[in-house]
Amino acid sequence: MPLARRGDEIRDALLRARVAAAYGVTHLLSTGDMLSGGGPRVLVPRELAYDNRDGQWRWRDDIPPRNRRLALRPDEIEDLLDRGFPLPEWHTPPAVAKELSRARPPRRHRGVVVLFTGLSGSGKSTVARGVADALRESGDRTITLLDGDVVRRELTKGLGFSKEDRDINVRRIGWVAAEVARHRGMALCCPIAPYAKARATARAMALEAGAGFILVYVSTPLEVCEQRDRKGLYAKARAGQITGMTGIDDPYEVPTDADLVLDTSEMSIEEAVQGVLQHLMETGWVEPRLQPA
Ligand SMILES: Nc1ncnc2c1ncn2[C@@H]1O[C@H](COP(=O)(O)OS(=O)(=O)O)[C@@H](OP(=O)(O)O)[C@H]1O
Ligand SMILES: Nc1ncnc2c1ncn2[C@@H]1O[C@H](COP(=O)(O)OP(=O)(O)O)[C@@H](O)[C@H]1O
């Protein structure tokens with residue numbers, strides 16, 4: 001029953017019992033540590049397993065091991081649903097499986113936010129653009145690329161590079177991305193996003209919108225970013241002409257929660273793009289028919 005959890009086990013159990021009673025339920029099956037309350041009687045069953053000799057569920061110890069199939073754990077069920085695989089009929093009646101997959105559609109049908117984080121010049125925009133181009137060709141989802149320069153011109157104009165302004169910048173990007181993903185699109189964003197807390201907020205907003213969130217840490221070392229110095233900002237920072245440059249005299253908090261790490265000093269642009277696509281396919285967010293070249 002997809003009831004929102006209140007975070008309090010006792011209140012959750014009571015609420016479940018009340019809702020179940022309202023549907024006419026007279027007995028509830030529960031694990032030993034769950035509470036009853038609210039009317040129906042609670043039965044605490046012994047662990048049941050599927051007996052493939054006659055298709056019945058019975059106490060697991062009454063079934064010879066070779067005929068016994070244990071019930072799937074909740075995380076195994078979620079994994080099958082996320083990947084869009086059918087739940088086995090011996091385990092879940094098809095009508096129930098249909099409802100479950102309606103409540104938790106496969107990842108490839110849900111929205112997703114991909115946030116690239118890393119130093120200026122690390123390759124975030126270049127890789128995000130490559131991923132966007134590849135996925136646009138497949139046409140399964142709408143693709144929104146929230147590119148750095150455009151974002152700072154259109155969405156966050158007027159903000160600077162203080163911690164406060166960077167946090168607002170990343171928060172706004174995260175909010176727009178989550179809205180895109182709420183409507184089943186894919187949003188690719190590439191701010192430096194130097195602070196872990198702002199990145200965590202972006203993740204939370206995407207998850208709250210029922211979407212996925214993938215943090216790609218573009219870990220290209222500072223020396224390489226500095227050699228690239230496409231905008232001449234590192235040279236200016238070294239010369240003391242500008243201050244607050246990330247990696248020089250402003251912090252970058254290395255992610256400890258990255259879903260994927262790419263060091264573009266060790267791979268070509270194409271390899272980096274394929275690395276992201278591969279990850280999206282392996283985790284079920286993108287259909288695996290986009291085969292890497
Ligand atoms: N002080 C300072 N520090 C870092 N970067 C600076 C700074 N001043 C200007 N720039 C240019 O602005 C781009 C970074 O903006 P972001 O919106 O990605 O930054 S942040 O996420 O809000 O920290 C970044 O662009 P990219 O190179 O595309 O990352 C820089 O070119
Ligand atoms: N393997 C690579 N992956 C990504 N960018 C690379 C790679 N090798 C060289 N580059 C170059 O590095 C620069 C990265 O710039 P950009 O993508 O704007 O970085 P960021 O968005 O992180 O500031 C581009 O000029 C790009 O062509």
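These numbers come from a predicted model, not from an experiment. All ligand and atom numbering here is 1-based and tracks the order in the structure.
In this structure, atom 1 (N) of ligand 1 lies nearest to the protein heavy atom Gly244 O, 2.7 Å. Taking atom 26 (C) of ligand 2 as the reference point, the nearest protein heavy-atom neighbour is Thr126 OG1, 3.7 Å. Looking only at protein heavy atoms, the nearest one to atom 21 (O) of ligand 2 is Ser125 OG, 2.6 Å. Nearest protein heavy-atom contact of atom 29 (O) of ligand 1 is Lys124 NZ, 3.4 Å. When hydrogens are left out, the protein atom nearest atom 3 (N) of ligand 2 is Thr264 CB, 3.3 Å; that is the closest non-hydrogen contact. In terms of protein heavy-atom proximity, atom 12 (O) of ligand 2 is closest to Arg228 CD, 3.1 Å. Ranking protein heavy atoms by distance to atom 19 (O) of ligand 1, first place goes to Arg152 NH2, 3.8 Å. Protein heavy atom closest to atom 5 (N) of ligand 1, with residue, atom name and distance, is Ile192 CD1, 3.6 Å. Protein heavy atom at the shortest distance from atom 23 (O) of ligand 2 is Gly121 N, 2.7 Å.
Residues Asn67 and Asn52 bring a donor and an acceptor atom of their side chains to less than 3.5 Å of each other. If you check the side chains of Asp249 and Thr243, you find no donor sitting under 3.5 Å from an acceptor. Side-chain N/O atoms of Glu270 and Gln274 include a donor and acceptor closer than 3.5 Å. Using modelled atom types, one finds no donor on one side chain facing an acceptor on the other under 3.5 Å when comparing Arg228 with Ser122. For the residue pair Thr220 / Ser265, no side-chain donor-acceptor distance below 3.5 Å is found, with atom types taken as modelled.
A cation-pi arrangement is absent between Arg108 and Trp285, since the terminal nitrogen or guanidinium carbon is not both under 6.0 Å from the aromatic centre and inside a 45° cone about the axis. For the pair Arg16 and Tyr23, the cation-pi test (distance below 6.0 Å, angle within 45°) is failed. Seen from the ring of Phe85, Arg107 does not count as a face-on cation partner, given the 6.0 Å and 45° thresholds.
Listed for the Asp229 side chain is a donor-acceptor partner under 3.5 Å among the backbone atoms of Tyr234. Not a single donor-acceptor pair under 3.5 Å links the side chain of Arg184 to the backbone N or O of Gly111. Using modelled atom types, no side-chain atom of Glu179 and backbone atom of Val176 make a donor-acceptor pair closer than 3.5 Å.
With a heavy-atom cut-off of 4.0 Å, Arg230 touches ligand 2 through its side chain alone. With a 4.0 Å cut-off on non-hydrogen atoms, Ala237 does not touch ligand 1 at all. Looking at Ser120 against ligand 1, both its backbone and its side chain come within 4.0 Å, counting heavy atoms. Within the 4.0 Å heavy-atom criterion, the part of Val170 lying near ligand 1 is the side chain and not the backbone. At a heavy-atom distance under 4.0 Å, no atom of Leu119 approaches ligand 1.
Under the 4.5 Å side-chain criterion, counting only non-hydrogen atoms from C-beta, Pro88 is not in contact with Pro86. At least one side-chain heavy atom of Ile143 sits less than 4.5 Å from a side-chain heavy atom of Leu188.
Remark: ligand 2 atoms within the under-4.0 Å shell around heavy atoms of Met267 are 1 (N), 2 (C). Taking every non-hydrogen atom of Leu233 and a distance limit under 4.0 Å, the qualifying atoms of ligand 1 come out as 9 (C), 10 (N), 11 (C), 30 (C), 31 (O). Of all atoms in ligand 2, numbered sequentially from 1 with element shown, those under 4.0 Å from a heavy atom of Ser120 are 23 (O). Interface of Ile269 with ligand 2, defined as ligand atoms under 4.0 Å from a residue heavy atom, comprises 1 (N), 2 (C), 3 (N), 4 (C), 5 (N), 6 (C), 7 (C), 27 (O). In summary, the atoms of ligand 2 found under 4.0 Å from a heavy atom of Leu119, numbered by their order in the structure, are 22 (O). Heavy-atom contacts of Ser268 reach the following atoms of ligand 2: 1 (N) (cutoff under 4.0 Å). Ligand 1 places these atoms under 4.0 Å from at least one heavy atom of Gly121: 27 (O).
With distances taken over non-hydrogen atoms, the option nearest atom 5 (N) of ligand 2 out of Cys225, Ala272, Gly123 is Gly123. Residue nearest to atom 13 (C) of ligand 1, selected from Tyr252, Phe161, Tyr195: Phe161 (by heavy-atom distance). Remark: among candidates Leu146, Ile242, Ile248, Asn169, the nearest residue to atom 22 (O) of ligand 1 is Asn169, based on non-hydrogen atoms. Of the listed residues (Arg199, Lys231, Met245, Arg166), the one carrying the non-hydrogen atom nearest atom 28 (O) of ligand 1 is Lys231.
Not a single heavy atom of Arg230 sits closer than 4.0 Å to an atom of ligand 1. Contact analysis puts Ala193 in contact with ligand 1, with a non-hydrogen atom separation below 4.0 angstrom. Under a 4.0 Å heavy-atom criterion, Ser122 is in contact with ligand 2. Residue contact check for ligand 1: Asp250 places no non-hydrogen atom closer than 4.0 Å to it.
Ion pair Asp147/Arg129 flagged as a salt bridge, since at least one NZ, NE, NH1 or NH2 atom sits closer than 4.0 Å to an Asp/Glu carboxylate oxygen.
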Quiz item: Can Arg230 and Ser120 be said to form a side chain to side chain donor-acceptor pair (under 3.5 Å), step by step?
Solution: CA-CA 9 Å; Arg230 294 197 312 130; Ser120 171; over 6 Å; no
